[in-house]
Amino acid sequence: MSASYDIAVVGGGGLGCASALFMARGGMKVALIERGGLCMEASGRNAGTLTLLFARGPLLPLVAGGKAMWETTQTWLGGDAGHRHAPGIEVAFTPAEAELLEREMKLRQEAGLPIEIMGGNRAREMEPGLSEKVIMGAYSPVDGFAASNTIGGLYRAALGATGVTLREGVAVTGAEPASGGGHVLRLADGSAITARRILLTANMWVRPMLEWFGLKDPPIKGRVSQMIVTERMRPAIRAILRVVSQISLKQTNNGTFIIGSSGGFPWFDNPDEARIELRPDNVVRSMKIAAHAVPALGETRVLRTWHGFDGYTPDNQPIIGPVPGVRDVYVMACMRSGWTIGPYGGKLMAETLLGREPERPLFIPEFDPARLLRMEFGPNYTLKLRADAPATTPQVH
Ligand SMILES: Cc1cc2nc3c(=O)[nH]c(=O)nc-3n(C[C@H](O)[C@H](O)[C@H](O)COP(=O)(O)OP(=O)(O)OC[C@H]3O[C@@H](n4cnc5c(N)ncnc54)[C@H](O)[C@@H]3O)c2cc1C
């Protein structure tokens with residue numbers, strides 16, 4: 001099968017689904033290809049937290065825009081995504097953690113976010129379920145969460161109603177230039193899709209995809225986050241909590257707690273060979289920290305765990321913009337707080353590719369895919385600039 005589209009979107013997570021939806025509503029003929037089911041990877045496995053407390057730098061306005069869109073899914077997605085308002089609190093137990101928390105939160109305050117830094121007693125007034133041991137808190141009144149495990153169904157209905165051609169359960173395996181201009185995507189079932197433009201929204205899997213388009217060995221690594229869900233219990237906290245750089249936790253609408261962390265998981269290069277196993281040590285450690293922060297958690301037991309992963313770049317910024325050296329291929333991947341940002345990222349991408357003035361610029365230097373040519377991972381997965389960085393961008397097709 002070969003069909004011609006204005007754009008083909010590769011990867012049906014939150015970023016791909018939202019981009020496809022808004023581009024189709026803007027009048028483009030869109031195909032979305034997803035190798036599994038819609039939003040079954042990171043976008044369906046995440047903790048659902050919508051918070052201004054986690055993101056940094058140029059991502060902050062995207063987080064604020066995303067949060068606002070989750071509050072109105074009935075309007076733009078045609079269904080209830082289980083959104084609930086809840087304040088967010090990040091807490092510190094030691095002077096070193098408090099120093100780190102204060103430094104991070106001042107940056108967010110300077111960026112105009114409504115975050116209050118407070119002592120332990122005030123934090124407990126705001127969230128009485130917190131432990132006496134908390135010495136500092138950062139409070140965001142406007143956080144919340146939405147249900148990631150049902151979002152794929154909502155997007156499927158909305159995309160179908162908007163006329164997007166949806167190919168689920170089939171992977172894109174390669175790309176080549178189309179004879180009359182544009183690109184041909186090769187699919188695992190032997191079919192092909194021709195499109196004038198391509199948008200890659202396949203999270204860490206964009207690593208091999210960028211290579212299809214001539215970007216050799218892009219510095220992208222994967223990292224697992226493990227989630228734990230407990231038995232249901234009486235209402236114990238209302239806020240979404242984070243213990244500085246360690247775990248996040250919340251009590252959901254049905255009384256269970258969801259606790260997440262990346263502690264103890266190695267970084268990896270190939271998502272399909274990662275052999276990601278459950279780590280019991282992570283479960284024990286996360287539950288200990290959780291009960292330290294919210295003593296009532298000692299009353300409940302772990303019900304199940306699962307995990308998912310995300311792609312990371314050396315500077316921890318996403319990859320958003322045109323792929324260097326190739327015409328009409330774009331990427332949006334490796335996004336921190338990607339669940340929160342998803343709908344807004346898709347809306348801005350659509351506005352940009354439709355040639356409209358986006359509500360805020362998305363193709364900015366901090367996110368530019370071309371910067372990857374100059375980077376690699378240094379010690380402890382920090383940014384290292386490459387000594388052999390090419391002076392110019394390779395021209396492919
Ligand atoms: C456990 C966990 C907890 C998290 N918690 C939060 C949170 O509380 N709040 C928050 O804001 N963010 C959170 N995140 C981050 C957030 O979930 C992600 O940043 C976001 O979902 C990424 O969306 P995406 O569309 O880029 O990627 P994904 O959802 O990973 O989608 C990429 C898609 O590409 C598809 N694909 C791959 N290869 C191919 C191919 N060859 N052909 C076709 N399709 C392909 C995959 O199957 C996948 O569906 C969490 C992440 C994880 C893993």
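Both counts, for ligands and for their atoms, begin at 1 and track the order of listing. If you're wondering where the values come from, they're calculated on a predicted model, not measured in any experiment.
- Residue E211 places its CD atom among more than 12 non-hydrogen atoms of other residues, nucleotides or ligands, all under 6.0 Å distant.
- A salt bridge links R56 with E104; the closest basic N to acidic carboxylate O contact falls under 4.0 Å.
- Taking the ring axis of Y312 as reference, the NZ or CZ atom of R336 stays within 45° of it and closer than 6.0 Å to the ring centre.
- Residue contact check for ligand 1: G14 places a non-hydrogen atom closer than 4.0 Å to it.
- When each atom of ligand 1 is checked for a heavy atom of G13 under 4.0 Å away, the hits are 25 (O), 29 (O), 31 (O), 33 (C).
- For atom 26 (O) of ligand 1, the closest non-hydrogen atom on the protein side is L15 CD1, 3.2 Å.
- A salt bridge links K347 with E351; the closest basic N to acidic carboxylate O contact falls under 4.0 Å.
- Using a 4.0 Å cut-off to heavy atoms of T201, the atoms of ligand 1 that qualify are 32 (C).
- Listed by number with element, the atoms of ligand 1 under 4.0 Å from a non-hydrogen atom of R45 are 1 (C).
- For atom 28 (P) of ligand 1, the nearest non-hydrogen atom from the set S43, G152, G169, C17 belongs to S43.
- Residue W339 touches ligand 1 through backbone and side chain together, judged by heavy-atom distances below 4.0 Å.
- Scanning all protein heavy atoms for the shortest distance to atom 41 (N) of ligand 1 gives V172 O, 3.0 Å.
- The distance from ligand 1 to the heavy atoms of T49 drops below 4.0 Å at these ligand atoms: 7 (C), 8 (O), 9 (N), 10 (C), 11 (O).
- Residue contact check for ligand 1: E34 places a non-hydrogen atom closer than 4.0 Å to it.
- Nearest to atom 50 (C) of ligand 1 by heavy-atom distance, out of I33, V170, N46, is N46.
- Between F309 and F265, the gap from one ring centroid to the other reaches at least 6.0 Å.
- For ligand 1, the atoms sitting less than 4.0 Å from at least one non-hydrogen atom of M335 are 19 (O), numbered in the order shown with element in parentheses.
- Considering both main-chain and side-chain atoms, G338 comes within under 3.5 Å of ligand 1 through a nitrogen or oxygen pair.
- Not one N or O on the side chain of E168 forms a donor-acceptor pair closer than 3.5 Å with the backbone of G37.
- Atom numbering of ligand 1 starts at 1 in the shown order; those under 4.0 Å from a heavy atom of G308 are 53 (C).
- Identified under the salt bridge (charged side-chain N to carboxylate O under 4.0 Å, His left out) test for residues 232-243, with sequence neighbours left out: E90-R242, R234-E299.
- Interatomic distance, CG of L38 versus OG of S43, reported as 10.0 Å (0.5 Å rounding).
- Near M227, meaning under 4.0 Å from one of its heavy atoms, ligand 1 places the atoms 1 (C), 3 (C).
- The protein atom (non-hydrogen) at minimum distance from atom 15 (C) of ligand 1 is D310 OD2, 3.1 Å.
- Counted by atom type alone, Y344 and E359 present one or more donor-acceptor pairs between their side chains at under 3.5 Å.
- In terms of hydrophobic clustering, with Ile, Leu, Val, Met, Phe, Trp and Tyr side chains grouped at heavy-atom distances under 4.5 Å, L303 and V294 are assigned to different clusters.
- With M209, H307, M204, K67 as candidates, the residue nearest to atom 39 (C) of ligand 1 on a non-hydrogen basis is M209.
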Walk me through it: do L77 and L21 pass the test side chain to side chain contact (heavy atoms under 4.5 Å, CB included)? CA-CA 9 Å; L77 190 54; L21 183 64; 4.1 Å; yes
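- The closest protein non-hydrogen atom to atom 11 (O) of ligand 1 is T340 OG1, 2.7 Å.
- Remark: ligand 1 atoms within the under-4.0 Å shell around heavy atoms of S225 are 1 (C), 2 (C).
- At a heavy-atom distance under 4.0 Å, no atom of F54 approaches ligand 1.
- The side-chain hydrogen bond (donor to acceptor under 3.5 Å, both in side chains) analysis of residues 59-69, with sequence neighbours excluded, yields the pairs K67-E71, K67-H83.
- Within the structure, the closest approach of G48 to ligand 1 falls below 4.0 Å when heavy atoms are considered.
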